[in-house]
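So the structure is just underneath, and the comments pick up after that.
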Amino acid sequence: MASSREIEHTAAAWLARRDTGVWSEQDQIKLDTWLDAATAHRIAFIRLDAAWQQTDRLKVLQAGQPYAAMPARGISISPEFDASRVPTVEPVEQHLPAETRQRPATVFQAPASASARRGAPTATRRRQRRHLAIAASGIVLCVAFMLSWRHYGAVDRSVFQTMIGDLQQVPLADGSNATLSSDSRIVVTLSHGERHVDLQRGEAFFAVAKDPGRPFVVSAGERRVTAVGTRFAVRRNADGLRVVVTQGVVRLESESHPGSPRQPTTLLPAGSVALASDAGIVVHADSVQEAEEYLSWRSGFVSFHDTPLIAAANEFNRYNARKLVIGDASIGTMRIGGNFRWSNVDAFVRLLQQGFPIRAEHRADSIVLRHR
């Protein structure tokens, strides 16, 4: 996949070619094909085109210059601008509407006679050419500045969120993809220097497009997870953070406060499951297949391996508005295992009643589990 800089350069080349005025139907078909190939292509082209439009080139030239002196769209002025090659006012005016030609010039004055036109350039005509060169060069500088500002300082900000029981796959403008779990919210900010995701709640899985010039950073509170091109998930809980890596390597680090020692950085290769809390960071080095089981929610399942019932109930509650409530503390420590559909909490409760000394009290907004 092309980097953002390569995409910007290609978009600029298409825009420059279109603005020359020599544009065929085949050119348009090729441009449409390139734009449809990726969302990043369309965004880059729209931004560069908007930068050109926002220079308002007509008003720039008319600030002290006659309308007739404006260079045609598609003509650029190089640093070695030759004023002697600039068309005089009269040939350009021949192509303007009659009402425009009759408008009095504010800067240029036409020569009084044909002999004067054939003679050496007067001081007035030299000033005309100098002013035109300055105005045209100013346009080029203005456009160049706006294009560079857009390229280096542009920010694309998007917000994505899911309700309880919903999953959503989101294609990001840089070519990456995010899958949001139930009741999750992310704020994505893409700029030239960084791709930043603020995980405000819930969990999200990221398949990151490679772009060494722009690290992909997921922040959750005071912790940051950084990658370049990899696949990983970040879950934000009330008591900490969980990071699961299934491809590549990510870097987990904590924000340092003034006056406090710098927090160590933890590198997490594929197969790692890291649990970060106020007590520190604990890393489990598993196989990629085992790490994938933590992400079975993407397929509609939850997996338990010798898991306390209270933890299993909390996991189900992430995906269901009707909550499981542990009515007796004595059953909260019972260990369970297996794969269950998180959308079918009733089936899970029936299995509990069949295999454990547990009874269930069904209420409108909850199911209370008690010892039988």
Side-chain angles (χ1 to χ4, degrees), residues 1-63 65-83 85-87 92 95-96 100 131-158 171-177 188-196 209-214 216:
M1 180 174 294
S3 67
S4 60
R5 181 172 299 180
E6 291 171 339
I7 292 174
E8 293 275 2
H9 287 172
T10 304
W14 276 115
L15 185 60
R17 183 174 178 181
R18 190 193 66 180
D19 276 4
T20 60
V22 182
W23 189 253
S24 67
E25 183 177 351
Q26 288 298 321
D27 291 331
Q28 186 62 48
I29 293 174
K30 291 179 181 179
L31 173 58
D32 291 340
T33 301
W34 184 78
L35 292 175
D36 293 339
T39 303
H41 294 182
R42 294 194 296 273
I43 291 175
F45 186 85
I46 291 171
R47 284 177 175 171
L48 293 179
D49 191 28
W52 170 253
Q53 299 297 335
Q54 291 177 8
T55 57
D56 205 357
R57 58 197 301 270
L58 178 60
K59 292 182 180 180
V60 169
L61 279 173
Q62 286 186 340
Q65 301 294 340
Y67 179 85
M70 183 176 69
R73 184 182 178 100
I75 297 178
S76 61
I77 307 298
S78 65
E80 298 81 22
F81 178 76
D82 186 356
R85 299 176 61 185
V86 177
V92 178
H95 303 284
L96 298 178
T100 305
H131 292 163
L132 179 57
I134 294 173
S137 299
I139 294 174
V140 176
L141 291 175
C142 181
V143 173
F145 172 77
M146 291 197 68
L147 291 180
S148 64
W149 180 86
R150 291 250 174 183
H151 182 69
Y152 289 100
V155 172
D156 178 61
R157 186 175 183 273
S158 304
L172 305 182
D174 70 319
S176 302
N177 281 280
V188 182
T189 305
L190 303 179
S191 66
H192 175 72
E194 184 181 73
R195 298 171 289 172
H196 184 269
K210 290 186 178 181
D211 188 350
R214 289 195 302 171
F216 192 98

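Numbering of residues begins at 1 and proceeds along the displayed sequence. Only heavy atoms go into these numbers, but all of them, side chains included; no hydrogens, no water, no symmetry mates.
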>> Using the side chain to side chain donor-acceptor pair (under 3.5 Å) criterion, which residues pair with Asp27? Sequence neighbours excluded.
In response: Arg17, Ser24
> Can any side-chain N or O of Thr189 pair as donor or acceptor with the backbone N or O of Arg157 at less than 3.5 Å?
Replying inline: no
> Is there a donor-acceptor contact under 3.5 Å from the side chain of Arg195 to the main chain of Arg214?
Replying inline: yes
> Which residue pairs satisfy the salt bridge (Lys or Arg N to Asp or Glu O under 4.0 Å) criterion with at least one member in residues 28-38, sequence neighbours excluded?
Replying inline: none
Might you point out which heavy atoms bring [X] and [Y] nearest each other, and give the distance in Å?
X	Y	result
Ser176	Phe216	OG-CE1, 3.9 Å
Trp23	Arg18	CE3-CA, 3.4 Å
Ala173	Leu190	CB-CD1, 3.7 Å

> Does the pair Val188 and Leu172 meet the rule for a side chain to side chain contact (heavy atoms under 4.5 Å, CB included), with working shown?
Replying inline: CA-CA 8 Å; Val188 182; Leu172 305 182; 4.1 Å; yes
> Sequence neighbours excluded, which residues qualify as side-chain contact (heavy atoms from CB on, under 4.5 Å) partners of Ala38?
Replying inline: His41
>> Checking Trp14 against Leu35 for the side chain to side chain contact (heavy atoms under 4.5 Å, CB included) test, could you report, in this order, the C-alpha distance in whole Å, the side-chain angles of both residues, the deciding distance, and whether it holds?
In response: CA-CA 10 Å; Trp14 276 115; Leu35 292 175; over 6 Å; no
